[in-house]
Amino acid sequence: MTRYTPSEIEARWQAAWEQSDIFKAVRSADKPKYYVLEMFPYPSGRIHMGHVRNYTMGDVIARYKLAKGFNVLHPMGWDAFGLAAENAAMQKGIHPGVWTYQNIEDMKSQMKPLGFSLDWSREIATCHPDYYQHQQAMFIDMIEAGLIYRKNAVVNWDPVDMTVLANEQVEQGRGWRSGALVERRELTQWFFKISDYSEELLEALDRLENWPAKVRLMQENWIGKSRGLQFAFSTIDAPEGHDRIEVYTTRPDTLLGASFVGISPDHPLAKLLERDNPEIAAFVAECRKGGTTEEAIETGEKLGFDTGIRVRHPFDTAQEMPVYIANFILMEYGTGAIFGCPAHDQRDFEFATKYDLPIIPTFLPSEDSADALEEAYVPAKTEKVYFVRGFAGDTWQTGLEAIDAAIAFCESQGVGQGVTKYRLRDWGLSRQRYWGCPIPVVHCDDCGVVPEKKENLPVKLPEDVTFDIPGNPLDRHTEWRTTPCPSCGKSAQRETDTMDTFVDSSWYYARFTAPHADTPTVMEDAQYWMKVDQYIGGVEHAILHLLYSRFFARAMQITGHLPKSAIEPFDALFTQGMVTHAIYRSTGANDRPVFHYPEEVDLNGDKAFLKDGGAELDIIPSAKMSKSKNNVVDPLNIISAFGADTARWFVLSDSPPERDVEWTASGAEAAYKHLSRVWNISDRIAAMSDGAEGEGSEELLRQMHKTIHDVTMGIESFGFNAAIAKLYGFTAILQKSKASKAAKREAVMTLAQLMSPMTPHLAEDIWATQGGEGLIAKAPWPQANDSMLVDDMVTLPIQVNGKRRAEIEVPADMDKGEIEKLALAHEAVIRILDGNAPKKVIVVPGRIVNVVV
RNA sequence: GCGGGCGUGAUGGAAUGGUAGACAUACCAGACUUAAAAUCUGUUGGGGCCUAGCCCCGUGUGGGUUCGAGUCCCACCGCCCGCACCA
């Protein structure tokens, strides 16, 4: 008897696949195409279990579709620009390019042994000029198409290091290196006009039927369409040019509950006031402390400053309200100014309480409710409420009705107009960093901002840069910066900002359809391969990456780089959960957290101790595996111990793919045992003498067809864990079966086929052992025979008042009346009824009987 | 703070509104073995009783809809993800 030896088997079959070139995608008119794509990895240096899980799921789909007769495109590449490469450069003195390309080599060599059905001939890396030159060409096209513009926007500024920081580099309002309090500072930056497409991106969500509902909902909320009223308060004692303050509100029905006006610290009026008033300047400076994230702004302490300016209420000019500068108002949304209605907004309520402003309800739950509120009264907009200070519509109306009535009334009175606004902001793409795609424009004293000529592309990153000083090395590289103006030819300066890495990942799926072309895309290839039929990746990308890609596909269509059929680039989306693992943390110098690898930790009950020294560690349970937190489990350890098939089988079993999976060591061994068992079964069947008779062959084949059906359904619906459970079940049946050799051979070959998307190497080996023709990867997917799926008899549970009391076995086609009679005649039912007649009997054929007493 | 999601045995989890706990792990018992490992077989949600069997409780907490709720609705608690410069 031989043993299951994955290392030998896997190398052999990987070589066979490579030799036959079966995963190379070639356009072909005579087969339907299928494009499977997993979100491409950032080359951080090592693959982790999240990658293995993601790419294994994609590989199951790709191999399954190949067996189903599709012409499959399944490519892989590298999202290779980004911050981590510059951090490595600063920490280790390695050039970001050297670091990145080395990581790509390493990760590719770690991925290869997993046996994915990838077309490596299409590999791309976004940091390579062969990729980013096309991005630069499209950028120039998009400037010409009016899809890109410049404006001021705020960034995190580290006043000690004198550099821009990413949000990730801000920890509790301080720069991660300098520890200095971060400030918000304005810079002129490049933007994509994604907000012009708000309605289009929102409306098209409805047609993304194969996307998870939660992702569509998140995008809908992110775009944030709202209908509201825009109007102006007239001011008293305001500086010239500010005799009106424009505000936007989604709750115009609460206008008579207004008690103050708030403006953003970045509002033009605030900026004007800060020039002449040192107190206001100090307050605004205070507001600018801290990071730029919405989270920081929303969770920070709400601060206000009374400017002394007053406004008149539009419906009651005798009522004057103060104008506050408030740190929680965003200049980017609406007009950067609001009216505060403390009675119906909890944030305004807290603000009013803090600054002693009146709290005036406009509506109450009922006529006799108290007028004094303990907290803001914010009912659902669909709830009918009693208006005590209404000015339009009925006394009793829902929020929705009241808003419409208020807008109509205000418009009729000439107080503002109904306006539709979107929360979605334009996409700022400028990054003050080296390791990104250079923005291909030149700043000329005479001609202004001029796009580089296309024949001068790529604008390559200079290689001779250093990272010993904080800041963007491109800024200091005079030789690289200085270039002739593309328009007048005089000496001019290159743009030193590079592009957001989201730009790189917003079109890579299209580049895969013609990865070596000397234009960004080739129309025939894009027409043939796009859309991506199945896109798979982490739910953490539900909004930004997916929304930007949807926008970019539209922008590429406008500039002639994609066909109209591809403006929704991803036909079906699956968002997998993350692989999590506990984080082990101790506190190091300066109170900085220190993270420890699982290998360095001894677990004792629910406590963790450092092997070296025995110090007790904090355990942060179930956190996303992250390199910076050192809680990464290396899949290579599993592969070298048990083989790739075990790793693949393990990441698919147990957890449903959309849910997070907590990594545990015990599961891998079980997977290995099971694969060995299957291998041994095949071995024993091969050793049976040809023509050997047996018993239960018919039943074995019946179970086989059921398994074909269930596993096929499981794969189609991303129920990989359920499909695997069925395969476990069938393996047990086959193992115990005393069927004929012919039946067993058919069963084990089918089992191998059903397992082949998950454990392709093992499947090939069994196929070959049993004398299957050619590669199993190319064999057509087995078909379940419908007549083998139906059982003659079914077991029906009998409930009394919803509680299960008995069961009966009946022919599958028995009619309802007969079933009811049988159920009522059952001894347990008679005993429980105790002579009483049932009120009602519900018979669900093939399912259940419920007797209601 | 805002938006989205999740919550089921000791553990990972299964369950088109229809027998809760499939399948796997772990544990326990048995077979094989001088022994162990490996392999194979079987048991296992909690409690109770008149123990071939029957009854009660049980899917984060509290309420609701329904003949019937893990599943749908509402509120709360806990955890996870995202929040526009991490990718």
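Here is how names work: the chains are called A, B, and so on, in the same order as the sequence lines, proteins then strands, and each is numbered from 1.
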Next item on the list: Check every strand shown and say whether A:L424 touches a base, only sugar-phosphate, or nothing at a heavy-atom separation below 4.0 Å.
Entry: base

Note to self: Just to be sure I understand the rule, does A:W222 reach a base, reach only the sugar-phosphate, or reach nothing, if contact means heavy atoms closer than 4.0 Å?
What the structure shows: base

Next item on the list: Name the orientation of the base relative to the sugar in B:rG9: syn if the glycosidic angle is within 90° of 0, else anti.
Entry: syn

Between [N] and [M], how far apart are the two [atom1] atoms, rounded to whole Å?
N: B:rC67; M: B:rG17; atom1: C1'; result: 12 Å
N: B:rA29; M: B:rA38; atom1: P; result: 16 Å
N: B:rC73; M: B:rG7; atom1: P; result: 13 Å
N: B:rG21; M: B:rA10; atom1: C1'; result: 14 Å

Among the candidates [options], find the nucleotide nearest to the side-chain atoms of [X].
X: A:A670; options: B:rA24, B:rA87, B:rU19; answer: B:rA24
X: A:Y42; options: B:rA87, B:rU19, B:rG1; answer: B:rA87
X: A:S655; options: B:rC67, B:rG12, B:rU19; answer: B:rG12
X: A:Q799; options: B:rC85, B:rU19, B:rG12; answer: B:rU19
X: A:A166; options: B:rC67, B:rC86, B:rU39; answer: B:rC86
X: A:V539; options: B:rC67, B:rC81, B:rG18; answer: B:rC81
X: A:Y548; options: B:rA24, B:rG3, B:rC85; answer: B:rC85
X: A:N721; options: B:rU41, B:rA14, B:rC54; answer: B:rA14
X: A:R804; options: B:rC85, B:rA87, B:rU19; answer: B:rU19
X: A:E540; options: B:rG12, B:rA87, B:rU41; answer: B:rA87

Checklist line | Salt bridge A:D426-A:K193, side-chain N to carboxylate O under 4.0 Å | finding: no

I'd like to know if [X] reaches the base of [N] with its side chain, counting only an N/O donor and acceptor under 3.5 Å.
X: A:R847; N: B:rU19; answer: no
X: A:N167; N: B:rC85; answer: no
X: A:Q189; N: B:rC85; answer: yes
X: A:E294; N: B:rC83; answer: no

Note to self: Counting neighbours of NZ on A:K354 that are heavy atoms of other residues, nucleotides or ligands and sit closer than 6.0 Å, is the number greater than 12?
What the structure shows: yes

Margin query: Nearest 0.5 angstrom please: A:T292 OG1 to A:I297 CD1, how far?
Written below: 7.0 Å

Next item on the list: Could you verify whether a donor N or O on one side chain and an acceptor N or O on the other, from A:Y4 and A:T646, lie under 3.5 Å apart?
Entry: no

Notebook entry, point to check: Just checking, any donor-acceptor pair under 3.5 angstrom between side chains of A:D158 and A:S178?
Noted result: yes

